[in-house]
Protein chains: 2
Amino acid sequence: MEVVTGLKIGAVARQTGVAVGALRYYESLGLIQSGRGQNGYRYYLPQTVQQVQFIKKAQTLGFSLEDIGEVLHVHQQGDVPCEFVRSLLQNKIDQLDAQIQQMMAFKADLEQYRDRWATAQPPPSNNICPLIDSISIDESPN
Amino acid sequence: MEVVTGLKIGAVARQTGVAVGALRYYESLGLIQSGRGQNGYRYYLPQTVQQVQFIKKAQTLGFSLEDIGEVLHVHQQGDVPCEFVRSLLQNKIDQLDAQIQQMMAFKADLEQYRDRWATAQPPPSNNICPLIDSISIDESPN
DNA sequence: CTTGACCCTGCAGTTGACTCTAAGGTTTAG
DNA sequence: CTAAACCTTAGAGTCAACTGCAGGGTCAAG
């Protein structure tokens with residue numbers, strides 16, 4: 001009896017915490033691949049679990065599935081355009097780096113907000129209801 | 001003739017690079033506010049430009065408009081629950097911090113990928129077409 | 001041989017953050 | 001005074017990344 005080895009979709013779902021539907025969706029985008037048994041079931045390689053975990057990780061960092069697809073495809077073709085691959089990854093890395101910079105700057109911003117609020121209760125004499133006083137007087141050509 | 005001072009929506013759009021429609025949408029969510037002239041036009045305070053820039057910034061860092069709304073509301077009510085405000089901001093800051101950590105780790109991951117690709121051309125004897133060979137042999141109860 | 005767990009497909013619905021269109025009023029430059 | 005540029009609302013459409021459902025097949029246990 002010739003049968004298929006591999007994880008069924010539910011097993012992958014359990015091991016990764018990703019919903020069955022989501023896995024099918026990933027497959028429809030070509031992010032992961034499966035073989036089919038004669039029953040029509042999908043069977044996945046064990047390494048698929050790693051791949052899915054990679055996807056989750058990348059996703060929480062703001063990469064789109066399309067982005068992730070590029071990287072994964074690259075990772076699995078492997079043979080030919082290794083230089084293209086490198087530059088693609090380098091792009092992502094640079095992107096990430098820039099984002100980290102931004103985040104640190106923004107964090108500093110928020111800390112400033114926080115500290116300003118910690119000390120000065122009513123900021124000298126700012127607008128309470130921010131519009132009321134501004135909506136009158138006179139027109140100037142904008 | 002009593003008329004309204006302030007920026008019209010197009011001016012804010014031009015100064016921030018955010019579409020008119022998006023600004024209206026922000027307003028519908030209460031992220032920014034306007035006064036209305038008797039013509040029905042929205043008029044914005046100059047500081048709205050800063051606010052919108054803040055929104056953009058926060059957005060590129062993965063905050064939802066709802067998140068951002070919390071922070072902005074906090075920033076503009078100001079008077080009463082200052083401790084609540086502080087903890088809210090502190091949450092966002094911690095969140096950001098955690099994300100920065102993750103990103104750095106992930107960046108390291110990607111760098112590893114890149115370097116692995118730079119050196120080992122065909123990884124010892126991995127799967128070329130990742131499924132073909134795995135889809136046969138024998139069944140074991142999963 | 002039926003029950004329950006699991007799998008399939010196809011398609012509709014959801015959420016967030018918009019954009020686009022229609023149908024119309026206003027303002028401004030010439 | 002008219003045309004272009006700008007504003008209004010309401011509502012539909014879009015895109016990503018799913019979730020949920022209907023309707024049906026498969027498989028292991030008892």
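Bear in mind the structure is a predicted one, so any value in this text is a computation, not a measurement.
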Nearest-nucleotide 5' precedence on DNA chain D, A/Y41 against A/L29: A/L29
Considering just the side-chain nitrogens and oxygens of A/N39, establish if one lies under 4.0 Å of OP1 or OP2 belonging to C/dC8. no
Rounded to whole angstrom units, what separation is found between the OH atom of B/Y25 and the P atom of C/dT15? 12 Å
D/dC6 C1' sits how many Å from B/L7 CG, rounded? 15 Å
Rounded to the nearest 0.5 Å, how far apart are CD of A/Q59 and CG of A/D67? 10.5 Å
Has A/K92 got a side-chain atom pairing as donor or acceptor with A/V71's backbone, closer than 3.5 angstrom? no
Can you tell if the side chain of B/R36 reaches within under 4.5 Å of the side chain of B/Y41, non-hydrogen atoms only? no
B/V20 or A/V20, whichever maps to the more 5' nucleotide of DNA chain C: A/V20
To the nearest Å, give me how far apart OH (B/Y43) and C1' (D/dT8) are. 12 Å
From CD of B/E27 over to C1' of C/dA17, roughly how many Å is that when rounded to an integer? 16 Å
Using OP1 and OP2 only, check whether a side-chain N or O of A/Q59 sits under 4.0 Å from D/dC18. yes
Rounded to whole Å, please give me the gap between CD in A/E66 and C1' in D/dA17. 13 Å
In whole Å, what is the span from the CG atom of A/L23 to the P atom of D/dC18? 10 Å
Could you tell me the separation between the CD atom of A/Q38 and the P atom of C/dC7, rounded to a whole number of Å? 16 Å
With DNA chain D as reference, determine whether B/R14 or A/Y26 sits nearer its 5' end, using the nearest nucleotide of each. B/R14
When you compare the side chains of A/D94 and A/Q90, does any donor N or O come within less than 3.5 Å of an acceptor on the partner? yes
Spacing of A/I9 atom CD1 relative to D/dC18 atom C1', expressed in whole Å: 14 Å
With a 4.0 Å cutoff (strictly under), does any side-chain N or O of A/R24 reach OP1 or OP2 of C/dT9? no
With heavy-atom distances below 4.5 Å as the criterion, would you say the side chains of B/F63 and B/E70 are in contact? no
Contact class for B/R42 vs. all strands (heavy atom < 4.0 Å): base, sugar-phosphate, or nothing? sugar-phosphate
